[in-house]
Amino acid sequence: MPWRAHGVSPAQVRLAWVLQKGAHVLAIPGTGSPDHLVDNVAAGAIRLTEQDLRLLHRIDPSTT
């Protein structure tokens, strides 16, 4: 799974996937937890590989 390969949480992979869609996409995750805020910001540094994206698409075909 991509989160294991990158050493991050599934939520961080979801944010990374959204952010990787392009500069025209803006993710606005909400949180009341300082720890989650740190995780959300760190997701911006995750670069998913083509293999990661293919796997995510197999899990959920709507992730195109």
Interatomic spacing from [atom1] in [X] to [atom2] in [Y] - rounded to 0.5 Å:
X	Y	atom1	atom2	value
Ser9	Ile46	OG	CD1	7.0 Å
Leu56	Gln51	CG	CD	10.5 Å
His36	Gln12	NE2	CD	9.5 Å
Trp17	Leu53	CH2	CG	9.5 Å

### Message
Checking Thr49 now: which residues fulfil side-chain hydrogen bond (donor to acceptor under 3.5 Å, both in side chains) with it, not counting sequence neighbours?
### Response
Asp52

#### Entry: Ile28 and Leu26, any side-chain heavy atoms less than 4.5 Å apart
yes

### Query
For the residue pair Ala16 and Ala43, what are the closest heavy atoms and their distance?
CB-O, 3.7 Å

### Message
If you compare all heavy atoms of Lys21 against all heavy atoms of His24, which two are closest, and at what distance to 0.1 Å?
### Response
O-CE1, 3.5 Å

### Summary
Sorted by chain and number, sequence neighbours left out, side-chain contact (heavy atoms from CB on, under 4.5 Å) with Ala27 holds for Leu15, Val18, Leu19, Pro29

